[in-house]
2 protein chains.
Amino acid sequence: MAAKHVKEMEALKEHLGKHQLKLTRQRELILSAFLRQEHITAEAMYHQLAKSDPHLGLATIYRTLNLFCDAGLAQARHFGSQTQYDNIAHKGHHDHLICTGCDKIVEFENCDIERLQEEVATQNGFIIKTHRLELYGLCSRCRH
Amino acid sequence: MAAKHVKEMEALKEHLGKHQLKLTRQRELILSAFLRQEHITAEAMYHQLAKSDPHLGLATIYRTLNLFCDAGLAQARHFGSQTQYDNIAHKGHHDHLICTGCDKIVEFENCDIERLQEEVATQNGFIIKTHRLELYGLCSRCRH
DNA sequence: ATCATTTTGAGACAGCTTATCAATTTCAAT
DNA sequence: ATTGAAATTGATAAGCTGTCTCAAAATGAT
Ligand SMILES: [Mn+2]
Ligand SMILES: [Mn+2]
Ligand SMILES: [Zn+2]
Ligand SMILES: [Zn+2]
């Protein structure tokens, strides 16, 4: 319990230190809840945490998840109308397959695609900083 | 002038006919303005058309651009916070390189990437219906 | 020309996220 | 341990993009 998510906590503390930010009870709480998820929206986390912490504000959730993005622990992804915060703390970069039938999300990684993306960028004089690749379709179960 | 965009106009009329919709002055006007663009937001088109047609409503622009999507002339893409309507009337499918410095958008097409996407989907039991691939970075000019 | 149906324009409304600001908390310096 | 400047929080207002509402106008089949 005490040894859980220590590395991520250290990463957060390092970011806080570099930017004159403070470690608060809320930030610790939200971090530990966030690290249990694969992807989550601010709203979903708000309702989840409200059970044990009814006074935690939605704005604080948003602020904190955005802070995690700055710290490199999370990545904001716009699936549909809401922002999903993706837990990339102990996962590398990855992209997503999204089932439009049941909203299932599958993560994948493909070096060949990444390499071709770089090629395309170079051909056009660009240097890629980020990218988004989302494949929308039907999973095996929803196909029927 | 009169022979411009005839094919797209016919495509629109065909769609209207099939769906009991009517051809209006506004739809003609918005179509001809839209076909001059590569990508445009509803807001941008609203301001552009307001010069010659101050009473054209923003809701009408949205409705009409969405109609073009249904008719296969346009495709909605969510870059950042706004929806860009992409003129795909006489272009096939394509993806985008986006400069975060100057907002320049370069279109590209890469069959190898598309093929690898299909592979990834198949491996995971998915059948792709659509996808989005956006590469964000700096163009040659903005790199300095 | 008639008239049922569709469309329009203006503004209200909705969903998601950020800004505001007084009160509280943190933490470095005593 | 106490102090106090600076950062943070929570409640809520505001912002932004896009859709809905509805009375008035336009369309087009007859
Ligand atoms: Mn993910
Ligand atoms: Mn395009
Ligand atoms: Zn599914
Ligand atoms: Zn640029």
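Just so we're on the same page: letters track the sequence lines, and every chain starts at 1.
Taking the side chain as every heavy atom from C-beta outward, Glu107(B) and Asp95(B) never approach each other to under 4.5 Å.
Among the candidates Leu65(B), Leu58(B), Thr64(B), the single residue satisfying the side-chain contact (heavy atoms from CB on, under 4.5 Å) test with Tyr62(B) is Leu58(B).
For Leu31(A) and dT8(D), the CG to C1' distance is 17 Å, given to the nearest whole Å. For the pair Lys13(A) NZ and dA7(D) P, the computed distance is 20 Å after rounding to whole Å. Rounded to whole angstrom, the span from the CZ atom of Phe79(A) across to the P atom of dT17(C) amounts to 13 Å. Summarising the geometry, the separation between CD on Gln20(A) and C1' on dT8(D) is reported as 14 Å, rounded to the nearest angstrom. Straight-line distance from the CG atom of Leu23(B) to the C1' atom of dG28(D): 11 Å, rounded to whole Å. Summarising the geometry, the separation between CG on Leu16(A) and C1' on dA28(C) is reported as 16 Å, rounded to the nearest angstrom. Rounded to a whole Å, the CG atom of Leu12(B) is 11 Å from the P atom of dT7(C).
For dG10(D), one of the phosphate oxygens OP1 or OP2 lies less than 4.0 angstrom from a side-chain nitrogen or oxygen of Gln26(A). In this structure, Thr83(A) does not reach the dC16(C) phosphate: none of its side-chain N or O atoms is under 4.0 Å from OP1 or OP2. For the OP1/OP2 pair of dT8(C) and a distance below 4.0 Å, the side-chain nitrogens and oxygens of Arg25(B) include no atom meeting the criterion.
Using a 4.0 Å cut-off on heavy atoms, the residues of residues 42-78 of chain B that approach DNA chain D are Ala59(B), Tyr62(B), Arg63(B), Asn66(B), listed by number.
In terms of the ring-ring contact (aromatic ring centres under 6.0 Å, His included) criterion, residue partners of His96(A) (sequence neighbours excluded) are, by chain and number, His39(A), Phe79(A), His94(A). For His93(A), the ring-ring contact (aromatic ring centres under 6.0 Å, His included) partners at least two apart in sequence or on another chain are His131(A). With sequence neighbours excluded, no residue forms a side chain to side chain donor-acceptor pair (under 3.5 Å) with Gln26(A).
Taking Ile, Leu, Val, Met, Phe, Trp and Tyr as members and joining any whose side-chain heavy atoms lie under 4.5 Å apart, directly or through other members, Ile88(B) forms no hydrophobic cluster with any other residue.
When each of dC16(C), dT7(C), dT8(D) is scored by its nearest atom to the side-chain atoms of Ser81(A), the top-ranked nucleotide is dC16(C).
Counting non-hydrogen atoms of other residues, nucleotides and ligands closer than 6.0 Å to CZ of Arg115(B) gives a total above 12. The environment of Gln20(A) atom CD is sparse: at most 12 non-hydrogen atoms of other residues, nucleotides or ligands sit within 6.0 angstrom.
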Kindly give the atom pairs (protein nitrogen or oxygen, nucleotide nitrogen or oxygen) under 3.5 Å for nucleotides 2-4 of chain C.
none

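Separation of the Phe34(B) and Phe68(B) ring centroids falls under the 6.0 Å cut-off.
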